[in-house]
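Read the structure below first, then the notes.
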Amino acid sequence: MAAKYSARYLLDTIKRINKISDLHLLLESILHEARNFVGADAGTLYLRNGDRLYFNYIENDTLFPDGEAPDRYVYSENSIPLDKNSLAGYVATTGEPLVIDDVYDIHSNVSYAFNPAYDKKTSYKTTSILVVPLERSDQEVVGVLQLINKKDEKGNVVPFSTDDRVFISYFAQHAAEATEKADLSRQMIMRMVELAEVRDPHESMQHARRVGDFSLELYNEWAKRHGVPLSQRMVKKDMFRTAAVLHDLGKAALTDAILQKNGEFNHEEKVQMYAHTIYGARLFQNKDSGWDRIAYEVTLNHHERWDGSGYPGRIDDINAPVTGFGRGKRGKEIPLSARIVAIADVYDALISKRAYKDAWDREAAQIYIRQRAGSLFDPELIDCFLEIREVIDTIIDKHAA
């Protein structure tokens with residue numbers, strides 16, 4: 001990865017990350033942009049939680065040339081103590097950056113040391129390293145940004161420079177402030193989900209989060225197959241996860257009699273239940289907002305089916321009183337975002353225990369959706385989903401922990 005070294009590029013990068021509202025994707029972008037700026041082969045972003053630092057994102061062009069670590073959800077469960085014994089711990093504890101030319105030749109008169117366990121496990125060779133704190137304006141360290149193996153134009157590993165430290169430290173300050181704003185946005189979004197959860201005993205915060213994670217990974221797999229560049233995928237993923245999390249927000253407008261009923265619905269009750277798609281879409285009608293457009297697509301269409309058997313179908317005016325529904329949308333009439341969330345939503349519903357059913361095992365749920373490719377679900381997206389089933393399993397295990 002060649003460095004993109006200029007003050008103007010750095011300022012443009014800071015502007016880009018400040019436009020990202022999704023916390024997870026912001027953190028991913030912070031690591032990627034920092035590596036890109038100084039030409040680092042690899043990097044790790046840690047977040048502080050209490051007295052530990054948790055691995056949140058890792059990138060390594062040598063080990064993961066497609067830009068993504070296959071075990072990224074597993075790594076996020078790993079942590080190190082918040083003390084001065086490790087490089088990241090020292091930086092988080094003191095607030096001081098570290099620039100080390102060779103981690104295997106650190107002077108003995110310091111408290112910190114390099115842990116070679118990851119190098120041994122992967123046969124990777126860490127040499128130069130730059131570690132800076134993610135420090136907010138109130139001087140609270142919320143995380144650590146660690147960049148590994150700066151490379152020159154010929155691909156040789158070289159030391160990080162003093163200028164690298166200055167520029168990345170400046171970037172990290174702005175990145176920390178951006179995470180604070182994104183975290184506030186995340187909290188507000190999850191409170192909206194909580195509102196729907198309070199109204200609907202069959203739904204849960206964990207369901208919404210899993211559907212968001214499943215949908216993001218499914219979109220990412222589809223986008224890679226279609227040659228969508230990583231930079232464009234990052235922008236779309238920012239809006240995508242949030243829209244997927246909010247897919248059932250419209251249920252907050254339904255009556256308790258509908259939401260709490262466990263038996264079969266009559267025709268009138270079905271109309272009321274199906275209307276949650278319309279109520280949700282009414283909240284996202286700002287056509288000038290890319291985020292609103294995707295949230296509108298998802299909330300309105302995530303119960304449409306590939307063969308046209310879904311709902312609410314074609315609606316002339318979503319703001320008119322709900323009395324019935326139109327012909328179901330078919331195939332690619334259904335927006336890509338909604339086709340993706342439809343798979344994620346159904347799969348998670350199958351593997352989740354509800355008051356009216358037991359949880360299915362994962363293999364049975366996968367067979368169910370595979371058999372309905374081309375009828376209920378987009379067949380190409382089902383192929384993508386089954387391709388990433390190990391990632392899906394890891395997400396489930398992460399949320400269950």
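Values below: every heavy atom of this structure, side chains too, minus hydrogens, waters and symmetry copies.
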Candidate pair Phe55 and Tyr46, rule ring-ring contact (aromatic ring centres under 6.0 Å, His included), full reasoning: CA-CA 5 Å; Phe55 292 73; Tyr46 302 85; 4.8 Å; yes

Please determine whether side-chain contact (heavy atoms from CB on, under 4.5 Å) holds for the pair Leu87 and Ile106, giving the CA-CA distance in whole Å, both sets of side-chain angles, and the decisive distance to 0.1 Å. CA-CA 11 Å; Leu87 304 183; Ile106 296 176; 4.2 Å; yes

Given salt bridge (Lys or Arg N to Asp or Glu O under 4.0 Å), test Asp61 with Lys151 step by step and report yes or no. CA-CA 11 Å; Asp61 285 349; Lys151 289 191 172 182; over 6 Å; no

ring-ring contact (aromatic ring centres under 6.0 Å, His included) for Phe167 and Phe37? Distances and angles first, verdict last. CA-CA 9 Å; Phe167 276 96; Phe37 186 77; 5.7 Å; yes

Stepwise side-chain contact (heavy atoms from CB on, under 4.5 Å) check, Thr179 with Leu134: CA-CA 9 Å; Thr179 62; Leu134 292 173; 5.5 Å; no

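Nearest heavy atoms, Ile17 versus Ala175: CD1-CA, 3.9 Å. The two residues Ile315 and Gly326 have their closest heavy-atom pair at CD1-N, 4.3 Å. Ala244 and Val341 get closest at one heavy-atom pair: CB-CG2, 3.8 Å. Ala34 and Leu145 get closest at one heavy-atom pair: CB-CD2, 3.6 Å. Shortest non-hydrogen contact noted between Trp291 and Thr242 is CZ2-CG2, 3.1 Å. When all heavy atoms of Ile14 and Tyr170 are compared, the closest pair comes out as CD1-CE2, 3.6 Å.
Ion pair Lys125/Asp41 not flagged as a salt bridge, since none of the NZ, NE, NH1 or NH2 atoms sits closer than 4.0 Å to an Asp/Glu carboxylate oxygen.
Taking CG of Leu376 as the start and CD of Gln371 as the end, the distance is 11.0 Å to the nearest 0.5 Å. Rounding to the nearest 0.5 angstrom, the gap separating the CG atom in Asp213 from the CD1 atom in Ile395 is 5.0 Å. For the atom pair OG1 (Thr126) and CZ (Phe114), the distance works out to 4.0 Å, reported to the nearest 0.5 Å. Here the straight-line distance linking atom CG of Leu386 with atom CD1 of Ile367 works out to 10.5 Å at 0.5 Å rounding. In this structure, Leu216 CG and Glu28 CD are separated by 7.5 Å, a value rounded to the nearest 0.5 Å. With rounding to the nearest 0.5 angstrom, the OG1 atom of Thr277 is 10.0 Å from the CZ atom of Arg282.
Contact annotation: the side chain of Leu381 never approaches that of Trp306 to less than 4.5 Å [non-hydrogen atoms, C-beta and beyond]. Side chains of Asp345 and His207 form a contact here, defined as non-hydrogen atoms less than 4.5 Å apart. No side-chain heavy atom of Val132 sits less than 4.5 Å from a side-chain heavy atom of Phe171. The shortest distance between side-chain heavy atoms of Phe325 and Val271 falls below 4.5 Å. Between Val131 and Val144, the closest side-chain pair of non-hydrogen atoms falls below 4.5 Å. Ile396 has its side chain within reach of Phe214: a pair of non-hydrogen atoms, C-beta onward, lies under 4.5 Å apart.
Ring geometry, His303 versus Tyr311: the interplanar angle falls under 30°, so the pair is classed parallel (tilted spans 30 to 60°). Using cut-offs of 30° and 60° on the angle between ring planes, the pair Tyr347 and Phe385 is perpendicular. Relative orientation of the His302 and His247 rings is perpendicular, given thresholds of 30° and 60° on the angle between their planes.
With Thr44 as the partner, the side-chain contact (heavy atoms from CB on, under 4.5 Å) test is satisfied by one option alone out of Ile58, Asn56, Leu53: Ile58. A salt bridge (charged side-chain N to carboxylate O under 4.0 Å, His left out) with Asp348 is found for one member of Arg362, Arg210, Lys353 and no other, namely Arg210.
Listed for the Lys150 side chain is a donor-acceptor partner under 3.5 Å among the backbone atoms of Val38. One N or O on the side chain of His276 and one on the backbone of Met273 form a donor-acceptor pair closer than 3.5 Å. Ser128 contributes no side-chain N or O that, together with a main-chain N or O of Phe160, makes up a donor-acceptor pair within less than 3.5 Å.
Residue pairs satisfying the salt bridge (charged side-chain N to carboxylate O under 4.0 Å, His left out) criterion with at least one member in residues 316-328, sequence neighbours excluded, are listed as follows: Arg327-Glu333. Pairs passing the salt bridge (charged side-chain N to carboxylate O under 4.0 Å, His left out) check and including a residue from residues 364-390, sequence neighbours excluded, read Arg339-Asp378. Each salt bridge (charged side-chain N to carboxylate O under 4.0 Å, His left out) pair with one or both residues in residues 290-310, not counting sequence neighbours, appears once here: Glu304-Lys329.
Residues forming a side chain to side chain contact (heavy atoms under 4.5 Å, CB included) with Asn109 (at least two apart in sequence, or on another chain): His107. With sequence neighbours excluded, the residues forming a side chain to side chain contact (heavy atoms under 4.5 Å, CB included) with Lys154 are Asp152, Asn156, listed by chain and number.
If you check the side chains of Asn60 and Tyr118, you find no donor sitting under 3.5 Å from an acceptor.
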Please tabulate, one pair per line, all N/O donor-acceptor pairs under 3.5 Å involving side-chain atoms of residues 90-100, not counting sequence neighbours.
unit_1: Tyr90; atom_1: OH; unit_2: Glu96; atom_2: OE1; d: 3.2
unit_1: Thr93; atom_1: OG1; unit_2: Gly89; atom_2: O; d: 2.7
unit_1: Thr94; atom_1: OG1; unit_2: Tyr90; atom_2: O; d: 2.8
unit_1: Thr94; atom_1: OG1; unit_2: Glu96; atom_2: N; d: 3.1

